[in-house]
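Values in this document were obtained by computation on a predicted structure and should not be read as measured data.
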Amino acid sequence: EWRYHSKQRSFLIFLILFVLFGVLAMVHEFQFLENSSMYNDAYNLNLISGLISLGVVFPCLFLCINGLLRDQNYNSEGIIFSTGITKKSFFTSRFLAIFKITLLISSLSLLGVFIGSLLSGANPESLHSFNISHYIWPWLSIILPNAFIVSALLFSATLLSRSALITYIIGVLILAIYWFSAFSIN
């Protein structure tokens, strides 16, 4: 699965875009000024992690569609399931691959944030000294669960519908629900 997905252009494009987002967020001194005075403090890293996890819907869409519908598109489902592999192990391996690659893309974006904080020409007084917990906590509490939830929802939608269009609609609905809840809560 890794070899298949890593050769896809969409994987490389999303990987580069997510790392660049992380780097540029810090190089251009992104911060939420009302609640924070430091660019790489815990608050801003949590905020950036929330934006990263919102964007993870897009690569996950492409991974699910490419990974799950390829057997249907190439009419190879009969060949795969005529071997000794069970459907449970087959779909479990596909889901874990999609989840791990989605997590990798979003995690590298947080790595880009760290690299951007080293490359930024920001005032040294507006940067915290490096604290690994400022990076690990948003990864554990925001990026990891959101990558799992989005992967599970899109994987299930793709598997049950067998349609790329339905998967795109579910992805747009996930984004719409996120924005609706963000505006209604605030």
Side-chain angles (χ1 to χ4, degrees), residues 1-22 25 46-113 138-186:
E1 286 296 312
W2 168 255
R3 276 183 261 148
Y4 175 77
H5 287 295
S6 64
K7 292 178 184 175
Q8 299 291 317
R9 267 185 272 177
S10 61
F11 169 75
L12 295 174
I13 290 169
F14 281 119
L15 194 65
I16 291 167
L17 285 175
F18 272 68
V19 171
L20 279 177
F21 171 77
N46 279 299
L47 182 68
I48 291 171
S49 296
L51 293 173
I52 291 167
S53 67
L54 174 64
V56 86
V57 172
F58 298 109
C60 192
L61 273 170
F62 284 94
L63 291 169
C64 284
I65 290 170
N66 288 339
L68 290 174
L69 299 182
R70 72 176 182 235
D71 301 324
Q72 178 183 344
N73 293 340
Y74 298 122
N75 296 324
S76 61
E77 288 177 322
I79 296 171
I80 291 172
F81 292 123
S82 66
T83 62
I85 191 168
T86 63
K87 284 189 176 187
K88 181 182 178 184
S89 63
F90 178 74
F91 290 127
T92 301
S93 68
R94 290 265 169 110
F95 171 73
L96 289 175
I98 289 170
F99 168 63
K100 287 177 183 178
I101 293 170
T102 301
L103 188 61
L104 172 74
I105 290 171
S106 56
S107 298
L108 287 179
S109 186
L110 201 57
L111 179 68
V113 169
W139 186 84
L140 284 173
S141 64
I142 298 172
I143 291 177
L144 179 66
N146 284 337
F148 180 78
I149 291 168
V150 167
S151 297
L153 288 173
L154 292 175
F155 182 86
S156 300
T158 308
L159 190 63
L160 294 175
S161 70
R162 295 287 193 190
S163 169
L165 181 63
I166 299 296
T167 306
Y168 286 125
I169 291 171
I170 297 295
V172 169
L173 283 174
I174 291 171
L175 291 172
I177 290 169
Y178 175 84
W179 284 109
F180 177 75
S181 64
F183 286 125
S184 64
I185 291 172
N186 290 331

F62 atom CZ: more than 12 heavy-atom contacts under 6.0 Å = no

Checking R94 side chain against L68 main chain: does a donor-acceptor pair fall under 3.5 Å?
-> no

Aromatic plane relationship, F18 with F14 - under 30° parallel, 30 to 60° tilted, over 60° perpendicular | perpendicular

Do the non-hydrogen side-chain atoms of P138 and I143 ever get within less than 4.5 Å of each other?
-> no

Hey, does I166 have a side-chain heavy atom less than 4.5 Å from the side chain of I170?
-> yes

Which heavy atom of L61 sits nearest a heavy atom of T167, and at what distance?
-> CD2-O, 3.2 Å

Under the side-chain contact (heavy atoms from CB on, under 4.5 Å) rule, what do L104 and F11 come out as? Steps first, then yes or no, please.
-> CA-CA 11 Å; L104 172 74; F11 169 75; 4.3 Å; yes

Heavy atoms, side chains only, cut-off 4.5 Å: are L154 and I174 in contact?
-> yes

Would you sort out whether V57 and Y178 count as a side-chain contact (heavy atoms from CB on, under 4.5 Å), showing the intermediate values?
-> CA-CA 11 Å; V57 172; Y178 175 84; over 6 Å; no

From CA spacing to verdict: side-chain contact (heavy atoms from CB on, under 4.5 Å), F91, F155 = CA-CA 10 Å; F91 290 127; F155 182 86; 4.2 Å; yes

Over all atoms of both residues, closest heavy-atom pair of S163 and L69 = C-CD1, 4.0 Å

Can you check side-chain contact (heavy atoms from CB on, under 4.5 Å) on T102 and V150, steps first, answer last?
-> CA-CA 9 Å; T102 301; V150 167; 5.7 Å; no

Between L108, I105, L110, which is the residue that forms a side chain to side chain contact (heavy atoms under 4.5 Å, CB included) with V19?
-> L108

Nearest heavy-atom neighbours spanning I142 and S49 | CG2-O, 3.7 Å

CG (L47) and CD1 (I52) are apart, to the nearest 0.5 Å, by 10.0 Å

Indicate yes or no: at least one non-hydrogen side-chain atom of I48 is less than 4.5 angstrom from one of F21.
-> yes

Find the distance between SG (C64) and CG (L159) and round it off to the nearest 0.5 Å.
-> 9.5 Å

Roughly how far apart are Y168 OH and T158 OG1, rounded to 0.5 Å?
-> 9.5 Å

Identify the residue among S151, S106, S53 that makes a side chain to side chain donor-acceptor pair (under 3.5 Å) with N146.
-> S53

State which residues pass ring pair (Phe, Tyr, Trp, His ring centres under 6.0 Å) with F58; sequence neighbours excluded, sorted by chain then number.
-> none

